Visitor: 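If you scroll down you'll find the structure; I have some questions about it.
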Amino acid sequence: HGTETALIINEIAPGATILSSRAFNSAGQWNDESKAAAKKAIEYASAQGAQVINNSWGIFNNSITNDMSDANAAATAKTELTINNTLSSDNGLKVVDGIKTAIDGGKVMVWAAGNNNQANPNITAGLYLLDPNLDQNATGTSMTANANVEKLWLVAGAVVDNGNDTFSLTGGSNACGLTQSRCVVAEANSTSHAAAEVSATVAKLISSGLTGDQAAARVLQTATYLTE
């Protein structure tokens, strides 16, 4: 999986330096070991000077659809229990802290929307709405993003070209849903591959002289609008 995403990035942005970090355990399970690894991987990439952090991973079967489909559900999703259980290890290592470190450093975070055939991306891709300040202290039903976080956040879905300028979501790809203002899609067979395409595009834009937030904005501004 990591090799495939790296090859996609290299094909689109051959001049980019790629750092590889494991975010899951060797069995691909999301457990305490993986949560700690994900936090450390994001912090390592930030410390090494990465300008774009490609997150071709997510929490499966845990989409914003289930947690934020209405105001009451949003309030439930924002509780400390939901966020902590999903993204914090028993020894206190919090993935959110790693993400905040990256955002504070101006890094662009690109997230795979997930491949669960849901109307909204998974909880990791939607974290900027669930926990706008990335402090695990969000409450209430509002889903208003923090502009300083949002400007460095992109979500990637996957589509297939049906011909005649028509596209449809690749089988299994979650839709942009509530993240539509920060979401783009790319032709790919999974959202992990789509995220890699978006990350590579952002990297090329940064190499041309744009800042991270400018590059993310350019991707959104120049993407072709697709109706549902």
Side-chain angles (χ1 to χ4, degrees), residues 1-24 37-38 41-58 95 98-99 101-115 121-122 124-128 149-161 167-176 179-226:
H1 184 270
T3 300
E4 290 176 350
T5 54
L7 287 171
I8 290 170
I9 292 171
N10 183 67
E11 182 177 352
I12 296 173
T17 298
I18 299 175
L19 300 174
S20 177
S21 296
R22 175 180 286 177
F24 283 75
I42 293 170
E43 290 176 339
Y44 170 77
S46 297
Q48 293 299 309
Q51 298 302 305
V52 186
I53 299 181
N54 179 66
N55 296 278
S56 288
W57 64 278
V95 181
I99 296 170
T101 296
I103 291 290
D104 288 347
K107 317 303 184 183
V108 180
M109 302 294 290
V110 180
W111 295 90
N115 305 298
N122 59 40
T124 40
L127 189 64
Y128 78 104
V149 175
E150 184 180 37
K151 69 181 181 180
L152 292 166
W153 202 278
L154 291 173
V155 179
V159 294
V160 60
D161 186 350
F167 298 83
S168 60
L169 288 172
T170 301
S173 174
N174 292 342
C176 291
T179 70
Q180 59 181 318
S181 66
R182 305 302 303 177
C183 184
V184 292
V185 295
E187 288 186 61
N189 59 16
S190 73
T191 61
S192 284
H193 291 175
E197 293 183 38
V198 174
S199 292
T201 302
V202 173
K204 288 189 71 173
L205 290 170
I206 291 175
S207 71
S208 73
L210 298 184
T211 62
D213 60 304
Q214 290 172 341
R218 181 72 60 85
V219 168
L220 293 168
Q221 293 163 357
T222 58
T224 301
Y225 178 74
L226 300 178

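Remember, predicted model here, so these are calculated numbers, not experimental data.
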Visitor: Rounded to the nearest 0.5 Å, how far apart are SG of C176 and CG of L169?
Guide: 7.5 Å

Visitor: For residues S46 and I53, report the shortest heavy-atom separation together with the two atoms involved.
Guide: OG-CD1, 3.7 Å

Visitor: Would you confirm whether S208, through its side chain, and L205, through its main-chain N or O, come within 3.5 Å as a donor-acceptor pair?
Guide: yes

Visitor: Could you check whether any side-chain heavy atom of T101 comes within less than 4.5 Å of a side-chain heavy atom of I42, counting everything from C-beta outward?
Guide: no

Visitor: Would the distance check show the side chain of Q51 and the main-chain N or O of G49 forming a donor-acceptor pair, the cut-off being under 3.5 Å?
Guide: yes

Visitor: Identify the heavy atoms of I18 and A6 that sit nearest to each other, and give their distance.
Guide: CD1-O, 3.5 Å

Visitor: What is the distance from atom CD1 of I99 to atom CG of L152, rounded to the nearest 0.5 Å?
Guide: 13.0 Å

Visitor: How long is the straight-line distance from CG of L127 back to CE of M109, given to the nearest 0.5 Å?
Guide: 9.0 Å

Visitor: Would you check if the side chain of N122 reaches a backbone N or O of G58 as a donor-acceptor pair within less than 3.5 Å?
Guide: no

Visitor: If you take all heavy atoms of A196 and I8, which pair is closest and at what distance?
Guide: CB-CG2, 3.8 Å

Visitor: So does A217 get a backbone contact from the side chain of K151, meaning a donor-acceptor N/O pair under 3.5 Å?
Guide: no

Visitor: Nearest 0.5 angstrom please: R218 CZ to I206 CD1, how far?
Guide: 12.0 Å

Visitor: Looking at N115 and G172, would you say the former's side chain and the latter's main chain have a donor-acceptor pair under 3.5 Å?
Guide: no

Visitor: Pairing donors with acceptors under 3.5 angstrom, does anything connect the side chains of S56 and H1?
Guide: no

Visitor: About how many Å separate CD of E187 and CG of D161, when rounded to the nearest 0.5 Å?
Guide: 4.5 Å

Visitor: What pairs meet the side chain to side chain donor-acceptor pair (under 3.5 Å) rule with one or both residues in residues 2-22, with sequence neighbours excluded?
Guide: E4-H193

Visitor: Could you check if a side-chain atom of W153 sits within less than 4.5 angstrom of a side-chain atom of I103, using non-hydrogen atoms only?
Guide: yes

Visitor: Could you measure the distance from the CG atom of L154 to the CH2 atom of W111? Nearest 0.5 Å is fine.
Guide: 12.0 Å

Visitor: Please find the pair of heavy atoms, one from P121 and one from A175, that lie closest to each other, and give the distance.
Guide: CD-O, 3.2 Å

Visitor: Closest approach of T191 and S173, non-hydrogen atoms and distance?
Guide: CG2-OG, 3.3 Å

Visitor: Do K107 and V52 come within less than 4.5 Å of each other through their side chains, counting heavy atoms only?
Guide: no

Visitor: Not counting sequence neighbours, which residues clear side-chain contact (heavy atoms from CB on, under 4.5 Å) with E150? List them please.
Guide: Y128, A145, S181, R182

Visitor: Could you tell me which non-hydrogen atom of C183 sits nearest to which non-hydrogen atom of G157, and how far apart they are?
Guide: SG-N, 4.5 Å

Visitor: With Q214, which residues qualify under side-chain contact (heavy atoms from CB on, under 4.5 Å), at least two apart?
Guide: L210, T211

Visitor: Would you check, one step at a time, whether the test side-chain contact (heavy atoms from CB on, under 4.5 Å) holds for T124 with N55?
Guide: CA-CA 9 Å; T124 40; N55 296 278; over 6 Å; no

